[in-house]
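Worksheet for the structure shown next.
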Amino acid sequence: MENVKKNKRSMKARTATGAVNPYARARKQRALFILGVFAIIATIFIFQIVHAHISRSSVNNKLAMETAHYEKIQNDNKALKVKVKQMNDEQYLEKLIRSKYLYTKKGETVYNLPNDAKQN
């Protein structure tokens, strides 16, 4: 037992002169407190970085989806503009009405062939 007590005494912090330093415990507690505060701040910053990364990847995915949707709408818009242009052309309208609605002129006879029925 005496040996253990002697070892504990020898482990205490000492000054340069060899005397026991009475402020060693306070210094150790202060260092642990500063280290704890630093760890908390570092944890907050790491959380912010991870959260920003997740948000950025979410926004990038959303942007990719919206870009694809925008391109599809642009293509549809181009096709509709072509159709509008065609609808303003009388020859195209006449052809469309004749084929789709079986419109005929006076004295004209329409013959439906088997190949035409398969296409419709």
Side-chain angles (χ1 to χ4, degrees):
M1 276 302 229
E2 283 182 32
N3 236 356
V4 173
K5 287 182 182 178
K6 284 183 183 180
N7 284 340
K8 283 188 179 181
R9 283 185 200 156
S10 64
M11 294 181 81
K12 290 185 179 180
R14 301 200 178 263
T15 61
T17 60
V20 176
N21 188 352
Y23 302 109
R25 184 172 185 215
R27 197 176 301 139
K28 185 177 180 182
Q29 285 179 343
R30 189 178 316 125
L32 288 175
F33 177 76
I34 291 170
L35 185 64
V37 169
F38 177 75
I40 290 170
I41 292 172
T43 303
I44 291 171
F45 283 139
I46 289 172
F47 175 77
Q48 289 294 327
I49 290 170
V50 169
H51 182 67
H53 179 70
I54 290 170
S55 296
R56 187 187 61 176
S57 65
S58 172
V59 168
N60 284 342
N61 289 341
K62 203 175 212 181
L63 178 66
M65 287 175 44
E66 292 300 324
T67 302
H69 183 69
Y70 175 71
E71 289 174 358
K72 181 185 176 291
I73 288 175
Q74 263 188 333
N75 291 337
D76 291 346
N77 192 17
K78 285 179 185 177
L80 289 173
K81 281 183 180 181
V82 168
K83 278 193 173 187
V84 166
K85 204 177 242 186
Q86 288 175 340
M87 291 295 179
N88 289 329
D89 183 20
E90 287 185 30
Q91 290 176 350
Y92 176 78
L93 274 177
E94 186 178 321
K95 181 181 173 187
L96 180 69
I97 291 171
R98 285 172 170 265
S99 66
K100 193 169 184 177
Y101 300 110
L102 301 175
Y103 179 77
T104 60
K105 293 181 182 179
K106 276 190 175 183
E108 190 176 47
T109 307
V110 176
Y111 296 101
N112 290 329
L113 300 174
N115 290 341
D116 292 342
K118 288 181 184 176
Q119 290 176 356
N120 290 333

What residues, two or more places apart in sequence or in another chain, satisfy salt bridge (Lys or Arg N to Asp or Glu O under 4.0 Å) together with Arg30? none

Under the side-chain contact (heavy atoms from CB on, under 4.5 Å) rule, collect the residues that match up with Val59, sequence neighbours excluded. none

Check whether more than 12 heavy atoms from other residues, nucleotides or ligands sit under 6.0 Å from atom CZ of Arg25, and answer yes or no. no

Take His69 and Ile73 through the side chain to side chain contact (heavy atoms under 4.5 Å, CB included) test and state the conclusion after the steps. CA-CA 6 Å; His69 183 69; Ile73 288 175; 3.1 Å; yes

Can you check whether Met65 reaches Asn61 side chain to side chain, under 4.5 Å on heavy atoms? no

Single-linkage hydrophobic cluster, 4.5 Å side-chain cutoff, Phe38 and Phe47 together: no

Gln74-Tyr70 side chain donor-acceptor pair, cut-off 3.5 Å: yes

pair Gln86-Leu93: side-chain heavy atoms closer than 4.5 Å: no

The reported gap from CD in Glu71 to CG in Asp76 (rounded to nearest 0.5 angstrom) is 12.0 Å

More than 12 non-hydrogen atoms from neighbouring residues, nucleotides or ligands closer than 6.0 Å to CD on Gln29, yes or no? yes

Check ion pair Asp89-Lys85 (N to O, under 4.0 angstrom): no

Measuring from atom CG of Asn75 to atom CG of Leu80, what distance do you get when rounded to the nearest 0.5 angstrom? 11.0 Å

Phe45 reachable from Val37 in the ILVMFWY side-chain graph, under 4.5 Å edges: yes

Can you list everything that forms a salt bridge (Lys or Arg N to Asp or Glu O under 4.0 Å) with Lys100? Sequence neighbours excluded, please. none

Interatomic distance, CD@Glu90 vs CD1@Ile97, rounded to 0.5 Å, equals 10.5 Å

Taking the side chain as everything from C-beta on, heavy atoms only, tell me whether Arg98 gets closer than 4.5 Å to Thr104. no

Salt bridge or not between Glu94 and Lys105? Use side-chain N to carboxylate O under 4.0 Å. yes

Checking the side chain of Ser58 only, and the main-chain atoms of Ile54 only, is there a donor and an acceptor separated by less than 3.5 Å? no

